[in-house]
Amino acid sequence: MQETALSLASMTSAAAAGRLAWSIPAVFGVMGGIQLGLGVWWGVLTLLLGAGLAVRDVRPRLAALVLLGAALGFGAERLVTGRADPLAPWQGAQVTLTGGWDGQFLTLKDPPARLAVAPKPTARPGTLVISGRLVTPEGQRTPGGFNQAAWLRAQGGVFLPTPTAVLVAAKVRDSQLEKGLRGWFRRGLTVGLPAREAALMTAIELGDRAEIGREEFTEGYGIRDAFNRSGLAHLMALSGQNVALITVVLIWGLGWLGLPPAWRYGLPATLLLPYLALVGVSPSITRAVIMGLTVLAALALGRGRPDPYGLMALAALVCLLLFPLWLLDIGFQLSFLAVLALTLSMKAAGRLPERWPLWLRLALVATVLAELGTLPVIAGTFGQLPLVGLPANLAAGAVMTVLVPLGFLAGLLGPAAVLVNLLVRPLAAALLGIVEVFGQAPVMAWGQVSAAGFVAYTVCAAAGVLWLWGRVRLSALLGVVMACTLLTLLPGTLRPARDIVFLDVGQGDATLVRLPHLTLLVDAGGSVGSDYDVGGRTVVPALRALGVRKIDVVIGTHADTDHIEGISGVLRGLPVGELWIGQRKSDDPVLTTVLTAAGEAGVPVREVRRGDQVTSDGVTVTVMWPTGTVWSTEDNENSVAVRIQSGRWTAAILGDLPDVTENHLGLGRLNLLKVAHHGSRYSTNTAFLAETTPADAVISVGRNTYGHPHPDVLGRLTTAGAEVWRTDQLGTIRWPIP
């Protein structure tokens, strides 16, 4: 993350002695006002922090800026969140819409609105005629899962409508390619390039990752996933690196022509706002443009380099007044945390041997500081940390230094960029090669970061800064890090997980059994009629967020897509000890894909039968079906069913078994029933409930056209005295094992 407004050195210049930049207390006021508008009580603490900084600087008048900022932040938040939803009258309706598609959102003129589209159209940005059903966006449904509703709310601004709906089951009826400067620029980026390289350049130069998200190195090894695993995902997010590389080339060229500083710095400054309009507004690029514009303007006017902390605060101030909910956006947080960490670059470089060239020392510490500065957000959000970020960024950084300016030139030339792209092509291929190699390196799995984890990180970060400034010894720093690490590990060690987690995977099944010495996953969901990887993009992130680093046993109940398709992604994403299946069908493409993935991962496959079991920590998991003597032509009737027993407490997970088979299991009394077949009317009959008398019943279900769960089943469960818990209503459900 080699980000800077002009250079890393400029970001470490000292502020005027004893004087606090006015933007610092002001931005604390804005943040506090936004937090109070959102109903977050500790926004008061943010305001007090801003006022405290002003008073400490012996300039109490700056405290008035805190109050003014609070009023402006509160007003901006109210303005954005208080707007009426223009699409409310059509929620739930089947519609056909015409609008501008930018690769991320569909923008309508009448009514003036923006909305997300699922699945994302494969058509390139431009004008689309598209049909589908309008639904409200969903919140976070699984641990570590994507909170679509919160993310969409953060995309709205004072002058930009907030996306308020999602068009699902979307089908493109007609499309026209993007026109104007952006269309011209896009054609320049892609002309004469193969599909992978074209998708890469579109992501790097325009921040449009739709096409690169569909590209794979090999089956199951997506390019975007490789970027994430190698620690290079930031290369596809427009940021200060793009601004720095392009402006440095412009400044060098204008200096070579012998122009005075006013022109050398002023001309690039005037081009930054049109550049922002070209690539589109996002937290990282907006922050970089504001900071770059301020630095260049100061240099052009002979005012010198601004205070880096005041400059960062100014950028945050402008961003939050225009887009108040960016405060909750991970892109905004990562961008500012990375740059804040980079302000320590000169101090960190000074800790390396002086005989090393300064540029090498800065390159080394930049990546390390950026990764350390963003560590808790990256770990807590994505559930993993790359282990090869330093060498990967050094290698990729050398390529990006040439590739970004060349790509920008190709975009400006439009369709005439064929000759430039002759140089772009091998560079883009080299970058993809770096990503492919480093993307295969192992990553460190990470669970959700608690409040205590953030406190521990803050203490360690403070100790690290004091060490860089020579205020504490290295031994003290290491002691603080070790103590905080041990304290954060202690709760999980003293009280390890012991529960059943019913993951919300929509219309499908995925159930995790967690014990201190056993982790067992029953099914991993799937997406019928879609290429969405439920296993890799929903289940694996949820498992990582839950602190699962390996799975001892994965059970594929039967060969239905909504149960086992996601197992392939799990096998690729996490170490698995053993795969259990019932019937080994040779003519089912989904099961064949799963077995192939198991073979590639070196995971043994076991065909289980009634009576097979595994015991750990006082809990026994027993296979109750199939017997394996006779196979039905119906996959549901061959489902693997298991009973989980801990002392007198018993639960059962039944796959998609129909009621005829359920009545032959002999489960006896149950405390918890995982209802078969998502609540189908052909399962969970009265006789079965009379035998098992479950106190609680969990139904894993999502939006569907099958009528699940059927009203008859719900009625039978209620009559039997069972309390019903549904994933479509509650999201992921956690159930303790006594």
Name all pairs fulfilling the ring-ring contact (aromatic ring centres under 6.0 Å, His included) condition that reach into residues 556-611, sequence neighbours left out, sorted by first residue then second. His558-His563, His563-His678
Quick note, salt bridge (charged side-chain N to carboxylate O under 4.0 Å, His left out) partners involving residues 135-148, not counting sequence neighbours, are Glu138-Arg703, Arg141-Asp504
Any salt bridge (charged side-chain N to carboxylate O under 4.0 Å, His left out) involving residues 724-738? Give me the pairs, sequence neighbours left out, ordered by first then second residue. Arg726-Asp728
Residues in ring-ring contact (aromatic ring centres under 6.0 Å, His included) contact with Phe217, at least two apart in sequence or another chain: Tyr221
Once side-chain contact (heavy atoms from CB on, under 4.5 Å) is applied, do any residues pair with Ser450, and if so which ones, sequence neighbours excluded? Ala452
Selection residues 622-635 - residue pairs positive for salt bridge (charged side-chain N to carboxylate O under 4.0 Å, His left out), sequence neighbours left out: Lys585-Asp635
If you look only at pairs with a residue in residues 655-676, which of them pass as a salt bridge (charged side-chain N to carboxylate O under 4.0 Å, His left out), with sequence neighbours excluded? Asp509-Lys674
Pairs in or reaching into residues 685-706: which pass ring-ring contact (aromatic ring centres under 6.0 Å, His included), with residues at least two apart or in two chains? Tyr706-His708
By side-chain contact (heavy atoms from CB on, under 4.5 Å), Pro376 pairs with (sequence neighbours left out) Phe454, Tyr457
Using the test ring-ring contact (aromatic ring centres under 6.0 Å, His included), find all partners of Trp151 that sit at least two apart in sequence or belong to another chain. Phe105, Phe146
Which residue pairs pass the side-chain hydrogen bond (donor to acceptor under 3.5 Å, both in side chains) test when at least one of the two sits in residues 643-654, sequence neighbours left out? Arg498-Ser646
Side chains of residues 542-553: which donor-acceptor pairs under 3.5 Å do they make with residues two or more places apart or in other chains?
from	atom 1	to	atom 2	distance (Å)
Arg544	NH1	Gln384	OE1	2.8
Arg544	NH2	Gln384	OE1	3.0
Arg544	NH2	Gly573	O	3.3
Arg549	NH1	Gly547	O	3.4
Lys550	NZ	Asp552	OD1	2.9
Asp552	OD2	Thr519	N	2.8

